[in-house]
Amino acid sequence: MLDGVRVIALDLRGHGLSEHADSYGYLDYVSDLTWLLDQLELDEVTVAGHSLGGYVALLAACSDDRIARVLAIDVKSDWTEEDAAFVERARESTQRVEPDLEPLVGRIAKSVLPSDLDAKELELIAERVIENVEGGWRFRWDRRVLAPEPVDPFAFLGRVRCPVHVIAGSESEVMPPDKAHRFADAIPGGTVEIVDGAGHHVELDAPELLAERIVG
């Protein structure tokens, strides 16, 4: 779906195949993104970021003119008491080792609901996020990534320097349509698109549409 486009997929620190780190603040993630731009000598790039990735892309676009356009996909825009309690539980937690692989694959499928992944899609994700360790299997990602500082994008959205297209799922609990519109309105020249029937994982529910927007 992205033929003819150079695509670089960044695993942020503590995610996917990237190494774990001592700190998982938003500015740490921004530093990772700008480091990548430096290392690959990139300029005039479109950054498509989902959830945390969208937040990081927008924060980086406040100061880095190499980012020419951002697709902010279903980005969290508030911070609740439930979020704070969850962070406290995650701060010192570690990944549990399971003797069998299947329960972890099942948790992946559950985590992306209402998206419905087929067996091949689940296999591809599992290869990237599950590792074999002594005693069984566990998720690769560092659970401490679930304990960032509170979210307040409205403190900086007005300083974003490039065009931004906000994309949200109509059924998303992370960025419901009303929050998506408020989010886009806070960005100079920001636009918004609500994807009918999609949940938080718009990239899984509407991949063709998202590819069209990336090529844009």
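Residues take their numbers from the sequence shown, with the count starting at 1. These numbers come from the heavy atoms of this one structure, side chains and all, not from hydrogens, waters or symmetry mates.
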Does some side-chain heavy atom of [Y] sit less than 4.5 Å from a side-chain heavy atom of [X]?
X: Glu121; Y: Ile108; answer: no
X: Pro207; Y: Met1; answer: yes
X: Asp116; Y: Pro114; answer: no
X: Arg182; Y: Lys179; answer: no
X: Asp65; Y: Arg161; answer: yes

Looking at [atom1] of [X] and [atom2] of [Y], how far apart are the two atoms once the value is rounded to the nearest 0.5 Å?
X: Arg69; Y: His165; atom1: CZ; atom2: NE2; answer: 8.5 Å
X: Arg96; Y: Glu98; atom1: CZ; atom2: CD; answer: 4.5 Å
X: Leu59; Y: Arg159; atom1: CG; atom2: CZ; answer: 8.0 Å
X: Ile8; Y: Leu40; atom1: CD1; atom2: CG; answer: 5.0 Å
X: Asp43; Y: Asp64; atom1: CG; atom2: CG; answer: 8.5 Å
X: Ser18; Y: Leu10; atom1: OG; atom2: CG; answer: 6.5 Å

Taking ILVMFWY side chains as joined if any heavy atoms are under 4.5 angstrom apart, and letting links pass through other members, which residues group with [X]?
X: Val133; result: Val97
X: Leu17; result: none
X: Leu209; result: Leu2, Val5, Val7, Leu71, Ile73, Ile167, Val195, Val202, Leu210, Ile214, Val215

- Message: Taking the ring centre of each residue, are Phe156 and Tyr55 less than 6.0 Å apart?
- Response: yes
Is there a donor in the side chain of [X] and an acceptor in the side chain of [Y], or the other way round, less than 3.5 Å apart?
X: His201; Y: Ser115; answer: no
X: His200; Y: Glu173; answer: no
X: Asp28; Y: Ser23; answer: yes

- Message: side-chain hydrogen bond (donor to acceptor under 3.5 Å, both in side chains) for Ser172 and Asp74? Distances and angles first, verdict last.
- Response: CA-CA 8 Å; Ser172 174; Asp74 224 79; 2.5 Å; yes
- Item | Pair Asp142 + Arg144, salt bridge at N-O below 4.0 Å |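 A salt bridge is present here (some side-chain N lies under 4.0 Å from a carboxylate O).
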- Hey, is Glu193 close enough to Arg213 for a salt bridge, meaning N to O under 4.0 Å? yes
- Query: When you look at Arg13 and Asp32, which way does the salt bridge (Lys or Arg N to Asp or Glu O under 4.0 Å) test go after all the steps?
  - Reply: CA-CA 8 Å; Arg13 59 176 61 202; Asp32 293 340; 2.8 Å; yes
Between [X] and [Y], is there a shared hydrophobic cluster once you connect ILVMFWY residues whose side-chain heavy atoms come closer than 4.5 Å?
X: Leu58; Y: Val174; value: no
X: Leu113; Y: Ile125; value: no
X: Trp79; Y: Phe154; value: yes

- Cation-pi, Phe139 ring and Arg107 (6.0 angstrom, 45 degrees): no
